[in-house]
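Here the structure is a predicted model, which is why all the values come from computation and not from measurement. Naming convention: chains lettered A, B, ... in sequence-line order (proteins, then strands); numbering from 1 in each chain.
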Amino acid sequence: MLEKKEHVRREGLPELPGDHKGVVLRFAPNPNGPLSFGHSRGLVVNSTYAKQLSGKLILRFDDTDTTVKPPLVSAYDTIAKEVEWLCGFPADKIIIASDRMEFYHQFAEQALNEGFAYVCTCTAEAFREFRVGKTCCPCREREAEENIQHWQEMNSEDGYQPGQAVVRIKTDMTLPNPALRDWPALRIQTNPHPRIGNVWRVWPLLDFQSAVEDHLQNVTHIIRGKDLMDSTRKQKLLYQHFAWQYPETIYWGRVKVHEFGGFSTSQMRKDIEEGIYSGWDDPRLPTLSTLARRGIKPEALRNFWIEIGLSQKDIAVPLATLYSHNTSMIDATAPRLAFVRNPIRIELKGEIDSEVMIRSHPTEELGERKINLDGVVYIETEDHGDVRLKDLCDISSNGTITSIDRSDSRPIVHWVANGKENRLSIPEGKELRVEEGLLESHPHPIGTIVQLERIGYAIIEEDGLLLVHE
RNA sequence: GCUCGCAUAGUGUAGUGGCCCAUCAUGAAGCCCUCUCGAGGCUUCGACCCGGGUUCAAAUCCCGGUGCGAGCACCA
């Protein structure tokens with residue numbers, strides 16, 4: 001029989017491979033600063049699966065680097081709160097790698113004892129030669145006992161110093177992929193850790209720490225960027241040595257947002273400390289704090305990433321896509337207000353009520369605003385001409401009222417009668433443009449998202465308006 | 001250089017051999033709406049990277065090419 005199948009479009013995220021029972025996922029940022037837009041993909045994807053499949057979401061702080069990207073003590077707390085804000089629920093469990101060091105040491109010693117790891121005392125440059133030449137470094141020949149001895153020297157203050165020794169996982173120096181050849185698992189760092197100080201000297205690198213912790217936590221699925229594909233391959237080799245089973249792994253491709261180029265957490269941290277930015281929620285920054293401050297709803301961010309999905313394709317998305325999701329979240333509750341930039345005074349000539357009531361939203365019940373007219377309105381200089389004052393009357397360019405009802409198709413403009421001076425800050429990439437103008441009097445408290453008619457959505461802040469988006 | 005990955009309209013996606021002269025969203029253009037450059041409704045435009053192969057049949061499988069991206073850190 002010829003059966004006509006329905007063409008059904010898949011909605012939401014693709015089905016997760018593997019077993020759907022007892023799913024354990026993790027989101028593992030480096031707490032060297034609060035979360036950024038870039039982190040939000042991993043968080044949304046992992047938490048959405050965890051929620052859909054009634055699984056667990058682990059928030060894990062990968063804070064084992066005290067040198068290149070040292071942890072920021074305040075970020076641990078901030079990130080936990082940001083996770084709850086974005087996901088709508090808190091992480092089921094929080095793991096801090098720097099509290100779990102004894103486990104990493106224990107498995108490192110096991111690896112050394114069982115002969116699938118060794119202490120390498122070559123310099124990074126020297127080892128590069130071996131890696132490129134597919135030849136073994138002499139350190140690889142050490143017996144387990146000798147390795148343990150060197151390991152103890154790594155852990156001792158008067159033993160090896162940073163850069164003088166690392167622990168490597170034995171793979172195969174002839175592996176076609178150079179990235180996998182006897183990769184480094186632990187190294188010496190003497191900078192004190194901001195959370196726990198100088199308790200440890202030998203710290204694991206990501207590939208080792210993450211692999212061990214995923215096993216310890218029974219993580220079932222790892223969903224991460226495809227830049228970590230070789231990390232998966234390295235970790236699988238380690239899992240073979242330990243005879244563990246590696247989780248299902250899914251990748252996403254690189255995302256470029258045109259409006260947010262060139263920010264790194266370390267750089268932002270430096271710039272904030274130097275006063276270039278006012279803080280982590282400076283309107284020009286691509287952080288989650290900034291997006292929250294700017295009135296971007298967590299649901300909008302979630303819908304945005306879910307729509308993009310999990311393809312391994314590298315993409316470039318305009319922020320307009322995120323904004324369109326946000327518009328649908330905020331429009332129904334955003335009262336309308338008029339904000340007139342570059343105002344020009346117009347004296348109304350003709351009959352008109354001295355008091356008008358105007359709806360705060362064209363379709364939603366957001367109440368009405370009462371406006372007292374004393375014969376003068378302000379419109380934007382650019383709008384000057386024969387226009388219709390929205391919800392009021394048609395006028396000619398000298399202010400003569402030609403009709404109360406709309407009489408023709410002349411342009412509709414917004415206007416302010418008894419406004420107050422205000423300013424609107426507009427983030428434009430790394431710049432912040434400020435527009436002065438007259439804002440209609442209103443009763444809305446700080447934090448309200450309003451729609452400035454014909455301009456865009458804005459949030460009311462203590463000292464002015466901040467544009468959400470158009 | 002070595003290794004790995006990806007390739008559908010301007011953008012983002014659906015699609016795992018016949019439902020596909022290809023889905024949905026967004027965009028652009030035009031129209032509608034007692035009245036925003038908002039929201040809503042309608043119409044139109046617009047794509048399977050290239051070349052071979054397998055097959056009765058390929059966007060879908062295989063090979064080659066090209067393009068783009070990533071890893072080869074004592075960062076994550």
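For A:Met229, counting side-chain heavy atoms from C-beta on, the closest listed nucleotide (B:C35, B:C74, B:G5) is B:G5.
For the pair A:Arg168 CZ and B:C74 P, the interatomic distance rounds to 7 Å; values are reported in whole Å. With rounding to whole Å, A:Asp230 atom CG is found 13 Å from B:A70 atom P. Between A:Gln267 atom CD and B:C75 atom C1' there is a gap of 15 Å when expressed in whole angstrom units. Whole-Å rounding puts the A:Leu228 CG to B:A76 C1' distance at 8 Å. In this structure, CG of A:Asn177 is placed 11 Å from C1' of B:A70, rounded to the nearest angstrom. Rounding to whole angstrom units, CH2 of residue A:Trp415 and P of B:C37 are separated by 17 Å. Between A:Asp383 atom CG and B:U36 atom C1' there is a gap of 11 Å when expressed in whole angstrom units.
Pairing analysis of RNA chain B (Watson-Crick: purine N1 to pyrimidine N3 plus N6-O4 or O6-N4; G-U wobble: N1-O2 and O6-N3; both under 3.5 Å) yields stems of 3 or more pairs at B:1-7 with B:66-72, B:10-12 with B:24-26, B:27-32 with B:40-45, B:49-53 with B:61-65.
Side-chain contact annotation: A:Thr121 with A:Arg142, donor-acceptor N/O pair under 3.5 Å present.
Where A:Ile455 and A:Asp207 meet RNA chain B, the nucleotide closest to each residue was compared, and A:Ile455 sits on the side nearer the 5' end. Between A:Glu380 and A:Val132, the one whose closest nucleotide on RNA chain B sits nearer the 5' end is A:Val132.
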Each nucleotide in nucleotides 7-13 of chain B should get exactly one letter: B, S or -. Can you fill that in based on protein heavy atoms under 4.0 Å?
SS--SSB
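Within the structure, every pair that satisfies the salt bridge (Lys or Arg N to Asp or Glu O under 4.0 Å) test and touches residues 170-196 of chain A, not counting sequence neighbours, is listed here: A:Asp65-A:Arg187, A:Asp99-A:Arg195, A:Arg140-A:Asp182. Annotation: salt bridge (Lys or Arg N to Asp or Glu O under 4.0 Å) contacts involving residues 298-324 of chain A, sequence neighbours excluded, comprise A:Lys226-A:Asp314. Identified under the ring-ring contact (aromatic ring centres under 6.0 Å, His included) test for residues 146-184 of chain A, with sequence neighbours left out: A:His105-A:Trp151, A:His150-A:Tyr160.
Residues meeting the salt bridge (Lys or Arg N to Asp or Glu O under 4.0 Å) test with A:Arg41, sequence neighbours left out: none. For the ring-ring contact (aromatic ring centres under 6.0 Å, His included) test, residues two or more places apart in sequence or in another chain that qualify with A:Phe61 are A:Tyr76. Partners of A:Arg60 by salt bridge (Lys or Arg N to Asp or Glu O under 4.0 Å), not counting sequence neighbours, listed by chain and number: A:Asp62, A:Asp214.
Looking at A:His39, its side chain does come within 3.5 Å of a backbone N or O of A:Ser36 through a donor-acceptor pair.
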For nucleotides 38-40 of chain B, tabulate all protein N/O to nucleotide N/O atom pairs closer than 3.5 Å, reporting atom names and distance.
from	atom 1	to	atom 2	distance (Å)
B:G38	O2'	A:Asp331	OD1	3.4
B:G38	O2'	A:Gln451	NE2	3.1
B:G38	O2'	A:Tyr457	OH	2.6

Expected rows: protein N/O vs nucleotides 41-48 of chain B N/O, under 3.5 Å:
none

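Scanning residues 62-72 of chain A for heavy-atom distances under 4.0 Å to RNA chain B yields A:Asp62, A:Thr64, A:Asp65, A:Lys69. Using a 4.0 Å cut-off on heavy atoms, the residues of residues 179-205 of chain A that approach RNA chain B are A:Ala179, A:Pro184, A:Arg187, A:Leu205, listed by number.
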After noting the C-alpha distance and the side-chain angles of A:Glu380 and A:Arg341, does the key distance pass the salt bridge (charged side-chain N to carboxylate O under 4.0 Å, His left out) rule?
CA-CA 6 Å; A:Glu380 299 199 344; A:Arg341 301 159 294 191; 2.9 Å; yes
Is there a salt bridge (charged side-chain N to carboxylate O under 4.0 Å, His left out) between A:Glu453 and A:Arg359? Walk through the geometry before answering.
CA-CA 13 Å; A:Glu453 296 201 67; A:Arg359 290 179 64 91; over 6 Å; no
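Across all strands, A:Arg388 comes closer than 4.0 Å to base atoms (heavy-atom distances). Base engagement by A:Cys122 is indicated by at least one non-hydrogen atom pair under 4.0 Å involving a base atom.
Between A:Glu440 atom CD and A:Arg336 atom CZ the span is 12.5 Å, to the nearest 0.5 Å.
Ring planes of A:Phe116 and A:His241: parallel class, angle under 30° (limits at 30 and 60°).
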